[in-house]
S.K.: 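Here it is, the structure in full.
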Amino acid sequence: MKNERNSDYKIPFIISLIILIILLLLTAVYFSVRLGIFDFSGGTVTDPSGEPTDISEPEESSDSTGAESEKETDVETEPLPDNPIDFSEQMAINDEIYAWMRIPGTNVDYPILQSRNDDLYYLRRGVDGNYLLAGVLFSQSHNKRDFMDPVTVVYGHNMTEDGSMFATLHNFEDPDFFKEHETVYVYTPGHILTYKVVSAYKYDNRHIMNSFNFDNEQVRRDYFDYVLSPMMFPQNVREGAALENDDKLLVMSTCMADNRYRYLVNAVLISDESTK
């Protein structure tokens, strides 16, 4: 009888133990799947946020992130172009040299100076400060030296004897020359400024910077409109040319044969390239 009772107790105990072991195994498997210990998804598990995460090996690609980063680095580190003018050399000659102008098709290939003390100092002086009939190309204190004023005026003599300074600006009186030549280059320390000639014409001898307040938007607009529709001859205007209110205009001013008048070549800034 006693053995039968022990046997009756053992069977339920064994069954209960088996059920407990099965439950423990099922629980372990459940949490293993939830925590991503076992991969039953063919390379994809789910992170705690519920988003699928790819755990398979990445495929190699010729357009890899590393290659892109290398290309971006190459662009970012691309060296700046050299400046055609050695301004350290020029300023060692005269520290009031602040720019250089070149106009293809003309003899204009000169430094631009601005005196700190006298607006007319370089009217009859050379780069060395000594008397020179031809003078130099110069601007006045009305203008900053960065060419970022709405209107910058650069002066030069009409030296007809040898064609120096601004004498060959008069080439722009010829319609064919005007049509074929439209570029002016101004070099400053760290910059190449490229201008497009929009018009060239005879003008009276008023002092432009003293006569117009270009800080006034309407005054500037009216002046720009005149630049594109001049009233005096000779004149040439670039077909399709336009000037916006925030454009930077370069005015190159020289004499006509009759000193009561000026000849103006007007060009708008179209590019500002940084250099070494």
Side-chain angles (χ1 to χ4, degrees), residues 79-159 164-169 183-198 207-215 220 223 227 246-255 262-276:
L80 294 173
D82 291 326
N83 195 309
I85 306 301
D86 185 344
F87 279 99
S88 60
E89 179 182 318
Q90 294 299 319
M91 294 178 73
I93 300 171
N94 186 330
D95 65 2
E96 291 185 329
I97 295 174
Y98 74 97
W100 193 285
M101 180 181 290
R102 285 178 180 162
I103 306 178
T106 75
N107 294 337
V108 178
D109 189 3
Y110 300 112
I112 305 173
L113 293 84
Q114 185 182 105
S115 171
R116 298 182 182 89
N117 304 310
D118 179 359
D119 276 347
L120 297 178
Y121 183 80
Y122 290 107
L123 186 66
R124 294 296 180 187
R125 285 185 174 86
V127 170
D128 59 6
N130 295 323
Y131 177 81
L132 181 67
L133 180 65
V136 296
L137 303 189
F138 68 94
S139 64
Q140 297 182 328
S141 58
H142 305 80
N143 286 128
K144 298 188 291 293
R145 300 184 183 197
D146 60 1
F147 293 86
M148 291 298 109
D149 290 322
V151 177
T152 297
V153 181
V154 176
Y155 299 93
H157 285 299
N158 178 19
M159 302 304 296
S164 65
M165 295 301 121
F166 269 171
T168 50
L169 282 186
T183 307
V184 175
Y185 298 104
V186 174
Y187 308 104
T188 64
H191 296 270
I192 298 175
L193 306 176
T194 304
Y195 292 83
K196 181 177 181 179
V197 175
V198 294
H207 190 290
I208 292 173
M209 300 306 296
N210 283 338
S211 302
F212 300 94
N213 176 17
F214 292 116
D215 291 331
R220 186 165 68 250
Y223 186 82
V227 167
D246 58 351
D247 278 338
K248 311 302 179 189
L249 187 71
L250 174 63
V251 179
M252 293 153 280
S253 176
T254 194
C255 296
R262 308 290 297 174
Y263 187 67
L264 306 182
V265 177
N266 307 279
V268 62
L269 181 66
I270 58 173
S271 173
D272 180 356
E273 181 182 10
S274 296
T275 68
K276 294 180 182 175

S.K.: Side chains of L249 and N266: does their closest heavy-atom pair fall under 4.5 Å?
M.R.: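 Yes - at least one pair of side-chain heavy atoms lies under 4.5 Å apart.
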S.K.: Any donor-acceptor pair under 3.5 Å linking the side-chain atoms of T254 with those of N158?
M.R.: no
S.K.: Please step through side chain to side chain donor-acceptor pair (under 3.5 Å) for the pair S139 and Y98, ending with a clear verdict.
M.R.: CA-CA 10 Å; S139 64; Y98 74 97; 2.6 Å; yes
S.K.: Is D82 reaching over with its side chain to a backbone N or O of K276, donor-acceptor style, under 3.5 angstrom?
M.R.: no
S.K.: Report yes if the side chains of H191 and T275 come closer than 4.5 Å at any heavy-atom pair, otherwise no.
M.R.: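 In short, these two side chains do not touch, never coming nearer than 4.5 Å.
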S.K.: Taking the side chain as everything from C-beta on, heavy atoms only, tell me whether R116 gets closer than 4.5 Å to D95.
M.R.: yes
S.K.: For the residue pair Y110 and M165, establish whether any side-chain heavy-atom pair is separated by less than 4.5 Å.
M.R.: yes
S.K.: Kindly compute the distance separating CG (L137) from OG (S253), expressed to the nearest 0.5 Å.
M.R.: 11.5 Å
S.K.: Can a donor-acceptor pair be found, under 3.5 Å and without considering hydrogens, that links the side chain of N83 to the backbone of Y187?
M.R.: no
S.K.: Grab the two heavy atoms, one from Q140 and one from D119, that are nearest each other, plus how far apart they are.
M.R.: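 So the two residues come closest at NE2-O, 3.5 Å.
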S.K.: Would you kindly say whether D109 and Y185 are connected by a side-chain donor-acceptor distance under 3.5 Å?
M.R.: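 There is no such pair (donor and acceptor under 3.5 Å, judged by atom type) between the side chains of D109 and Y185.
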S.K.: To the closest 0.5 Å, what do you measure between CD (Q114) and CD1 (I97)?
M.R.: 13.0 Å
S.K.: May I ask you to decide if S88's main-chain N or O and D86's side chain share a donor-acceptor pair within less than 3.5 Å?
M.R.: yes
S.K.: Answer yes or no: is there a side-chain heavy-atom contact under 4.5 Å between V251 and I208?
M.R.: yes
S.K.: Say you draw a straight line from CE of M159 to CG of N107; how long is it, rounded to the nearest 0.5 Å?
M.R.: 12.5 Å
S.K.: Would you say the side chain of L269 lies within less than 4.5 Å of the side chain of L250, judging by non-hydrogen atoms?
M.R.: no
S.K.: Side chains of E96 and Y121: donor-acceptor distance under 3.5 Å anywhere?
M.R.: no
S.K.: With no hydrogens and no angle check, just 3.5 Å: does a side-chain donor-acceptor pair link S115 and N117?
M.R.: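 No, no side-chain donor-acceptor contact under 3.5 Å.
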S.K.: Aromatic rings Y155 and H207: how do their planes relate, parallel, tilted or perpendicular, breaks at 30° and 60°?
M.R.: tilted
S.K.: For L193 and D146, work out which heavy atoms get closest and say how close.
M.R.: CD1-O, 4.4 Å
S.K.: One pair to check against side chain to side chain contact (heavy atoms under 4.5 Å, CB included): F212 and N210. What are the steps and the verdict?
M.R.: CA-CA 6 Å; F212 300 94; N210 283 338; over 6 Å; no
S.K.: Think R145 forms a cation-pi with F147, using NZ or CZ under 6.0 Å from the six-ring centre and within 45 degrees of its axis?
M.R.: no
S.K.: Just checking, R220 and F214: is the charged tip under 6.0 Å from the six-membered ring centre and within 45° of the axis?
M.R.: no
S.K.: Measure from the side-chain N and O atoms of N143 to the backbone N and O of V153, and report whether any donor-acceptor pair falls under 3.5 Å.
M.R.: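 A pair under 3.5 Å: yes.
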S.K.: To check you understand the geometry: which heavy-atom pair defines the closest contact between D149 and H142, and what is its length?
M.R.: OD2-O, 4.1 Å
S.K.: Checking the side chain of N94 only, and the main-chain atoms of G129 only, is there a donor and an acceptor separated by less than 3.5 Å?
M.R.: no
S.K.: What are the two closest heavy atoms between F138 and I112, and how far apart are they?
M.R.: CA-CG2, 4.2 Å
S.K.: Is the shortest side-chain heavy-atom distance between W100 and Q90 below 4.5 Å?
M.R.: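 In short, these two side chains touch, coming nearer than 4.5 Å.
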S.K.: Of all the heavy-atom pairs spanning A99 and T188, show the shortest one and how long it is.
M.R.: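 What the structure gives for the nearest pair is CB-CG2, 3.9 Å.
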S.K.: Calculate, to the nearest 0.5 Å, the distance between atoms OG1 and CD1 belonging to T194 and I192 respectively.
M.R.: 7.0 Å
S.K.: Please step through side chain to side chain contact (heavy atoms under 4.5 Å, CB included) for the pair K248 and V151, ending with a clear verdict.
M.R.: CA-CA 6 Å; K248 311 302 179 189; V151 177; over 6 Å; no
S.K.: Do V127 and L113 make a side-chain contact, defined as non-hydrogen atoms from C-beta onward lying under 4.5 Å apart?
M.R.: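 When only atoms from C-beta onward are counted, L113 and V127 do touch, with a gap below 4.5 Å.
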S.K.: Under a 3.5 Å distance rule, please check whether H157 uses its side chain to pair with a backbone N or O of L123 as donor and acceptor.
M.R.: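 Yes: the side chain of H157 pairs with the backbone of L123.
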S.K.: How close do S164 and A134 get, heavy atom to heavy atom, and via which atoms?
M.R.: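 Of all heavy-atom pairs spanning S164 and A134, the closest is OG-CB, 4.4 Å.
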